[in-house]
K.L.:
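Provided herewith is a single structure, encoded as C-alpha cells, for subsequent inquiry.
The figures that follow rest on heavy atoms only: side chains count, while hydrogens, waters and symmetry mates do not. As the structure is a prediction and not an experimental result, all values here were calculated from the model.
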Amino acid sequence: MIILILIIAAISFIYFNVIPGKFHTPIAWISLIITTLSIVGIVAHDYNHYGMKEKTVTVTKPLASSANKQLPILLYQPLGNGTEKVYLYKNYDGEKKPKAISTEKMSAKVVKSKNPTMTIKTTTYVYKNTFSRLMFGIFKHNNELKNRQYTFKVPNSWHVLSVKQAKNLQKEMAKKQALLKKQMLLQKKMQQNNRLN
C-alpha cells in the first residue's frame with residue numbers, strides 16, 4: 001500500500017508542479033510531503049522494523065546424549081576461531097543422527113541442571129496491527145527472525161565435547177575394550193591351564 005501511495009504522491013507532485021493552475025502549488029507541496037513521508041516510512045520499516053513488534057516463543061524439549069545412553073555427551077563443532085560452536089543434539093535416544101542447531105542469528109550456551117533438556121527461545125518481528133500489515137505487507141517482513149537462543153541444560157555427569165574430542169574418546173575406549181578383552185582371554189587360558197595341571 002505504501003508503494004502505491006508513494007507512486008501516486010510522486011506523480012501528483014510532478015503533475016501539479018509542471019501544469020499551471022489555481023491551487024496547484026499547495027497541492028504539489030502536499031504531494032511532495034506525502035512522497036517524503038512515504039520514503040521515510042519505507043526506510044524506517046526496512047532498517048528499524050517500523051510498524052512491527054517483537055514476538056518471543058520459548059520451546060523446551062527433552063535432551064538425549066549426542067552419542068548413546070552409555071556415553072552421556074553433548075557434541076559441538078567449533079566455528080572459525082572456536083569461540084562459536086554449533087551444537088549437535090538428539091531429543092530422544094532412538095534418533096540415529098544428531099541434529100545441528102541453526103546458525104542464523106543464533107546464540108547458544110550450556111548450563112548445569114538435574115534433568116537434560118534444551119530450550120529454544122525464538123524472537124521474530126511481527127506487524128503491530130492490521131494498518132501496519134496493510135501499509136508494509138508488500139515487503140514480507142512478517143515473522144522475520146531477530147534471534148534464536150539455545151540453552152542446553154545438562155547434568156554434571158555429562159561431558160560437553162567437540163566432535164574431534166569425541167572421536168578420540170571413542171578410539172581410546174575401543175583400545176581399552178580390546179585390551180580388556182585380551183586380558184580376559186589370557187585370564188581364561190590361565191585358569192584352563194591351572195585346571196589341567
K.L.:
How close do Leu63 and Trp158 get, heavy atom to heavy atom, and via which atoms?
P.N.:
O-CH2, 4.0 Å
K.L.:
Go through the steps to decide whether Ile3 and Met1 satisfy the test side chain to side chain contact (heavy atoms under 4.5 Å, CB included), and finish with yes or no.
P.N.:
CA-CA 5 Å; Ile3 299 289; Met1 182 74 160; over 6 Å; no
K.L.:
Crowded around Lys105 NZ? As in, over 12 foreign heavy atoms under 6.0 Å?
P.N.:
yes
K.L.:
Treating Ile, Leu, Val, Met, Phe, Trp and Tyr as nodes and any side-chain heavy-atom pair under 4.5 angstrom as an edge, say whether Ile33 and Ile7 lie in one connected cluster.
P.N.:
no
K.L.:
Could you grab the distance from atom CE of Met118 to atom NZ of Lys61, nearest 0.5 Å is fine?
P.N.:
6.0 Å
K.L.:
Roughly how far apart are Met52 CE and Lys146 NZ, rounded to 0.5 Å?
P.N.:
12.5 Å
K.L.:
How about Ile11 and Phe16: do any of their side-chain heavy atoms sit closer than 4.5 Å?
P.N.:
no
K.L.:
Going through the distances and angles, do Leu74 and Tyr89 end up as a side chain to side chain contact (heavy atoms under 4.5 Å, CB included)?
P.N.:
CA-CA 7 Å; Leu74 176 63; Tyr89 66 92; 4.3 Å; yes
K.L.:
Are side-chain heavy atoms of Val86 and Thr103 found at a separation under 4.5 Å?
P.N.:
yes
K.L.:
One pair to check against side chain to side chain contact (heavy atoms under 4.5 Å, CB included): Ile34 and Ile5. What are the steps and the verdict?
P.N.:
CA-CA 8 Å; Ile34 293 170; Ile5 292 169; 3.8 Å; yes
K.L.:
Would you check if the side chain of Ser66 reaches a backbone N or O of Leu75 as a donor-acceptor pair within less than 3.5 Å?
P.N.:
yes
K.L.:
Could you tell me which residues satisfy salt bridge (charged side-chain N to carboxylate O under 4.0 Å, His left out) with Glu144, sequence neighbours excluded, listed by chain and number?
P.N.:
none
K.L.:
Is the CD1 atom of Ile138 crowded by more than 12 outside heavy atoms at less than 6.0 Å?
P.N.:
no
K.L.:
Determine the minimum heavy-atom distance between Ile101 and Lys85, stating which atoms define it.
P.N.:
CD1-O, 4.0 Å
K.L.:
Verify, without hydrogens or angle tests, whether Asn91 (side chain) and Pro62 (backbone) share a donor-acceptor contact under 3.5 angstrom.
P.N.:
yes
K.L.:
Salt bridge (charged side-chain N to carboxylate O under 4.0 Å, His left out) with Lys99: which residues, sequence neighbours excluded?
P.N.:
Glu95
K.L.:
Taking CZ in Phe139 as the centre, count heavy atoms belonging to other residues, nucleotides or ligands within less than 6.0 Å. Is the count above 12?
P.N.:
yes
K.L.:
At their closest point, which heavy atom of Ser102 faces which heavy atom of Met106, and how far apart are they?
P.N.:
O-CG, 3.0 Å
K.L.:
Just so I know, are the side chains of Lys121 and Thr56 near enough to count as touching, which here means a heavy-atom distance under 4.5 Å?
P.N.:
yes
K.L.:
Could you please spell out the steps behind the side chain to side chain contact (heavy atoms under 4.5 Å, CB included) verdict for Lys97 and Lys90?
P.N.:
CA-CA 7 Å; Lys97 283 187 174 182; Lys90 289 182 185 177; over 6 Å; no
K.L.:
With ring centroids as reference points, do Tyr87 and Tyr150 lie under 6.0 angstrom apart?
P.N.:
no
K.L.:
For the pair Asn142 (side chain) and Tyr127 (backbone), establish whether a donor and an acceptor sit closer than 3.5 Å, ignoring hydrogens and angles.
P.N.:
yes
K.L.:
Cut-off 3.5 Å, side chains only: do His45 and His141 have a donor facing an acceptor?
P.N.:
yes
K.L.:
Could you measure the distance from the CD1 atom of Ile2 to the CG atom of Leu134? Nearest 0.5 Å is fine.
P.N.:
10.5 Å
K.L.:
Quick one: closest heavy-atom pair of Lys153 and Ser113, and the distance?
P.N.:
CB-CB, 3.6 Å
K.L.:
Say whether Val43 and Leu4 are linked into one hydrophobic cluster, either directly or through other cluster members, by side-chain heavy-atom distances under 4.5 angstrom.
P.N.:
no
K.L.:
Show every side chain to side chain donor-acceptor pair (under 3.5 Å) that has at least one partner inside residues 18-44, sequence neighbours left out.
P.N.:
none
K.L.:
Measure the CD1-CG distance between Ile42 and Leu6 for me, rounded to the nearest 0.5 Å.
P.N.:
5.0 Å
K.L.:
Would a 4.5 Å heavy-atom cut-off, applied to side chains only, mark Val110 and Val154 as touching?
P.N.:
yes
K.L.:
May I ask you to test the Leu145-Arg148 pair for a side-chain heavy-atom distance under 4.5 Å?
P.N.:
yes
K.L.:
Would you sort out whether Thr117 and Thr60 count as a side-chain hydrogen bond (donor to acceptor under 3.5 Å, both in side chains), showing the intermediate values?
P.N.:
CA-CA 7 Å; Thr117 57; Thr60 300; over 6 Å; no
K.L.:
Hey, could you give me the CG/OG1 distance between Asn147 and Thr124, rounded to the nearest 0.5 Å?
P.N.:
9.5 Å
K.L.:
Are Tyr50 and Val40 side-chain neighbours, meaning at least one heavy-atom pair lies under 4.5 Å?
P.N.:
no
K.L.:
Contact between Val160 and Tyr76 at the side-chain level, heavy atoms closer than 4.5 Å - yes or no?
P.N.:
yes
K.L.:
Do Lys112 and Asn156 come within less than 4.5 Å of each other through their side chains, counting heavy atoms only?
P.N.:
yes
